[in-house]
Number of protein chains: 2
Amino acid sequence: MAVGRGGTKLKDIADLVGCSLATVSNAINGRGRMSEDMRREILAKCAELNFVPNSAGRSLRLQRADAVGVIYAPSFAELFGNIFYARIMEGLSETFGEAGLDLILGNRKDSDGLPSIVRQGKVDALVVLAGVFEADAYESLRNCPVPVCMVDGHVGALEADAVTSDGFGGGRLVAEYLVREGHQNVRMVAYKNPLYNIEQRIAGFLSGLRASGVEAREDDVVIRISDNAEAGERVLDSLESGEAPTAVFAVNDTLAEYLATELQKRGKNVPGDVSLVGFDDDPIARRCEPALTTVGMDKRVFGSISAGLVLERLAKPEKPLVHHVQPTRMVIRDSVSNLGG
Amino acid sequence: MAVGRGGTKLKDIADLVGCSLATVSNAINGRGRMSEDMRREILAKCAELNFVPNSAGRSLRLQRADAVGVIYAPSFAELFGNIFYARIMEGLSETFGEAGLDLILGNRKDSDGLPSIVRQGKVDALVVLAGVFEADAYESLRNCPVPVCMVDGHVGALEADAVTSDGFGGGRLVAEYLVREGHQNVRMVAYKNPLYNIEQRIAGFLSGLRASGVEAREDDVVIRISDNAEAGERVLDSLESGEAPTAVFAVNDTLAEYLATELQKRGKNVPGDVSLVGFDDDPIARRCEPALTTVGMDKRVFGSISAGLVLERLAKPEKPLVHHVQPTRMVIRDSVSNLGG
DNA sequence: CTGAAAGCGCTTACAG
DNA sequence: CTGAAAGCGCTTACAG
């Protein structure tokens with residue numbers, strides 16, 4: 001089965017054309033000087049037999065795999081059921097494909113947590129989809145012998161190129177927008193789990209409030225939760241209190257959608273009684289009732305940008321680390337009321 | 001960078017332990033007879049240095065890649081944004097991972113349409129996610145030199161192991177259920193595009209109707225459409241006609257959900273005016289208003305079953321082709337009314 | 001302008 | 001019980 005059994009090889013082409021196998025290799029790789037006729041004849045024969053040099057032989061000699069690993073956590077279904085990551089994968093697949101690199105899914109791990117494909121030499125680099133990575137996941141990548149590009153992760157956790165969305169800028173945009181619409185007493189709801197992109201959004205939101213002249217103490221503004229159920233209770237509690245907020249910023253659209261449903265169940269009108277903003281511009285935001293005002297970004301390009309970073313790194317291993325920050329923008333729909341003001 | 005540069009190799013372990021590299025290889029692969037002490041010492045040293053044999057060297061010698069390619073169409077995002085396929089991928093990844101095989105995404109194609117990874121010798125087999133394959137996609141796989149396992153595709157289009165869901169059985173179940181609930185005048189809505197699993201569902205539905213004593217001419221029952229918009233019109237038309245059906249079976253949940261929305265827009269009540277059944281038990285079925293009665297199957301196992309089939313095929317290349325049919329079941333929710341009867 | 005040879009890292013008959 | 005040697009398919013300095 002498999003690999004070479006009966007498959008065409010360099011030697012076969014050489015015999016057919018009547019030259020040495022070195023010349024065939026040179027023709028294919030566009031090096032060496034030979035007569036135009038010879039080169040054409042060799043290439044024609046290769047095309048005719050659909051010959052492609054065997055990857056194992058090539059890899060062994062060249063000390064490179066022509067493949068990139070993709071690492072993710074926690075589970076494949078969780079990851080790829082998410083259209084955001086599906087889009088990233090598509091971008092990776094396209095850009096690497098054009099460069100002649102294949103994508104390997106690196107789910108197996110060595111005893112020290114490094115993906116097996118790395119020490120097996122199956123990949124030249126790793127793209128790490130780190131959106132929900134815990135600290136120890138980064139730890140195991142620390143001594144990775146191939147370059148790593150981190151997507152949507154905790155910048156600084158690793159010496160690696162990185163691509164993130166501008167959570168800070170997005171948080172700021174939300175604050176500025178809410179204040180402009182007359183909201184001064186606001187809350188942000190975020191998970192306790194200190195993920196990089198969540199912290200960025202919080203920091204940006206607080207910064208935006210302050211820049212808009214609203215005094216914002218983190219402890220007063222940010223409601224830290226462990227799960228959605230807690231979010232529902234805490235927000236409802238705050239609405240019953242003397243200091244009821246007029247707007248709530250949920251750290252992502254899924255949470256915002258949950259809150260909308262929960263609030264409406266308890267007879268609260270959105271945005272009549274309280275305005276709601278999400279983050280991500282997830283497809284769910286559009287389907288929400290009312291349609292959710294949120295923060296969007298061009299997710300399509302995440303994959304191609306990370307792939308580009310990897311390609312550059314492979315070409316120039318010593319170049320300085322790059323951190324690409326993808327801009328975010330307000331996506332205004334129907335979940336925020338204008339308080340006049 | 002990459003592969004072996006500075007990486008540990010067999011020779012390094014041999015030098016450290018003080019034996020030949022053949023002995024190290026034997027120890028790792030559990031063959032050859034050697035003293036227990038020697039084997040233990042070698043294995044300990046490998047573990048200490050996290051040594052894994054280089055894949056290119058191994059592949060070249062063994063003529064096998066220890067990897068399986070995954071082929072899909074049309075686009076990655078379309079495929080993996082679908083939780084069904086994400087689940088399949090998860091099952092593949094798990095089962096192959098346990099067997100020491102990695103998964104390669106085979107998006108690049110040779111001039112004759114065969115995935116490049118095949119002739120490059122990067123994979124020992126191909127899993128083909130064929131849910132929306134057109135005929136020419138099968139064509140290019142016809143002369144594939146490695147074994148193929150087709151998932152959710154047109155059985156018979158390829159000499160290959162296959163895994164499908166029991167669309168025929170599911171279609172029958174729907175027919176029997178509808179008749180039991182008193183529906184005799186029914187329609188099925190399906191795309192013109194003659195995909196295997198769609199044809200199966202139609203055939204099963206017609207067979208189920210007949211088995212339940214309902215005379216069913218295909219031309220009367222089946223509404224063939226090119227797109228959703230056409231489906232909406234044709235179904236509404238039929239409801240206005242003298243022979244208005246009491247129930248409509250949509251070939252999948254997405255179409256059913258579209259029809260529900262469309263019917264309700266035109267003032268039709270579901271299931272009051274017309275009952276509706278979908279197929280797939282897509283997450284959307286649960287969210288539908290009313291919740292959609294549909295046909296479900298255990299999709300989780302699709303991946304592990306296909307992976308298992310590949311593993312068996314690799315172990316026994318000449319064994320007869322296997323076609324695994326995954327059973328389907330009725331998932332009864334709120335979109336079908338009981339007509340008494 | 002073209003070819004013979006070395007060597008990438010590995011496994012496996014085979015010799016001792 | 002252990003090791004030396006051949007060879008998987010490829011590319012590249014080097015010799016002619």
Side-chain angles (χ1 to χ4, degrees), chain A residues 1-42 46 49 51-67 100 117-122 124 145, chain B residues 1-42 46 49 51-67 100 117-122 124 145:
Chain A
M1 222 79 259
V3 181
R5 293 285 82 154
T8 315
K9 49 190 146 185
L10 236 35
K11 184 73 170 56
D12 299 327
I13 306 283
D15 288 350
L16 250 24
V17 172
C19 64
S20 83
L21 90 195
T23 303
V24 178
S25 174
N26 279 328
I28 290 175
N29 295 303
R31 55 173 74 230
R33 272 179 298 278
M34 69 192 69
S35 70
E36 250 333 292
D37 279 359
M38 169 100 318
R39 166 157 290 149
R40 229 194 327 267
E41 193 183 346
I42 292 173
C46 289
L49 300 183
F51 171 74
V52 187
N54 172 274
S55 153
R58 205 177 137 85
S59 283
L60 192 55
R61 174 63 228 237
L62 257 27
Q63 299 292 85
R64 96 175 118 81
D66 284 337
I117 47 173
V118 171
R119 266 195 280 255
Q120 277 184 113
K122 280 190 169 181
D124 301 322
Chain B
M1 221 77 262
V3 184
R5 294 284 82 152
T8 315
K9 49 189 145 184
L10 236 35
K11 184 74 170 58
D12 300 326
I13 306 282
D15 289 350
L16 250 23
V17 172
C19 64
S20 84
L21 92 193
T23 303
V24 177
S25 174
N26 279 328
I28 290 175
N29 295 304
R31 56 172 72 232
R33 274 179 297 278
M34 69 192 69
S35 69
E36 251 332 292
D37 279 0
M38 168 101 319
R39 168 157 288 151
R40 229 194 326 268
E41 193 184 345
I42 292 173
C46 288
L49 300 183
F51 172 75
V52 187
N54 172 275
S55 153
R58 207 178 135 84
S59 283
L60 192 54
R61 175 61 228 237
L62 258 27
Q63 298 292 85
R64 97 173 116 81
D66 283 338
I117 47 174
V118 171
R119 266 194 279 257
Q120 279 183 112
K122 280 190 169 182
D124 301 321

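Naming: A, B, ... by sequence-line order, numbering from 1 per chain. All values below come from the heavy atoms of this structure, side chains included, with hydrogens, waters and symmetry mates left out.
- One can place CG of A:Asn54 at 9 Å from C1' of D:dC8, the figure rounded to the nearest angstrom.
- Nucleotide D:dA5 holds its C1' atom 15 Å from the NZ atom of B:Lys11, rounded to whole Å.
- Atom-to-atom, CD of A:Gln63 to P of D:dG9 comes out at 18 Å; the value is rounded to the nearest Å.
- A donor-acceptor pair under 3.5 Å is absent between the side-chain atoms of B:Asp15 and the main chain of B:Asp12, judged by distance alone.
- Per the geometry, CG belonging to B:Asp37 stands 10 Å off P belonging to D:dT2, to the nearest Å.
- Inter-residue side-chain proximity for B:Asp66 and B:Ser55 is flagged as unmet; no heavy-atom pair is nearer than 4.5 Å.
- Distances from the side chain of A:Ser20 to the nucleotides D:dT2, D:dG3, C:dA4 place C:dA4 closest.
- Base-pair partner of D:dA15: C:dT2 (Watson-Crick or G-U wobble, both distances under 3.5 Å).
- Distance A:Arg39 CZ to C:dC1 C1': 11 Å, rounded to the nearest Å.
- The separation between A:Glu41 atom CD and C:dT2 atom C1' is 14 Å, rounded to whole Å.
- B:Asp12 places its CG atom 12 Å from the P atom of C:dC8, with the value rounded to the nearest Å.
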Taking protein heavy atoms under 4.0 Å as touching, what does nucleotides 11-16 of chain C look like 5' to 3' if B marks base contact, S marks sugar-phosphate-only contact and - marks none?
BB----

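- Side-chain contact between A:Leu49 and A:Leu16 is present, with at least one heavy-atom pair separated by less than 4.5 Å.
- Looking at B:Asn29, its side chain never comes within 3.5 Å of a backbone N or O of B:Arg31 through a donor-acceptor pair.
- Nearest approach of B:Val24 to B:Cys19, heavy atoms of both residues: CG2-SG, 3.8 Å.
- One can place CZ of B:Arg119 at 17 Å from P of D:dG9, the figure rounded to the nearest angstrom.
- Here the closest heavy-atom approach between residue B:Arg58 and residue B:Pro53 is recorded as CD-CB, 4.3 Å.
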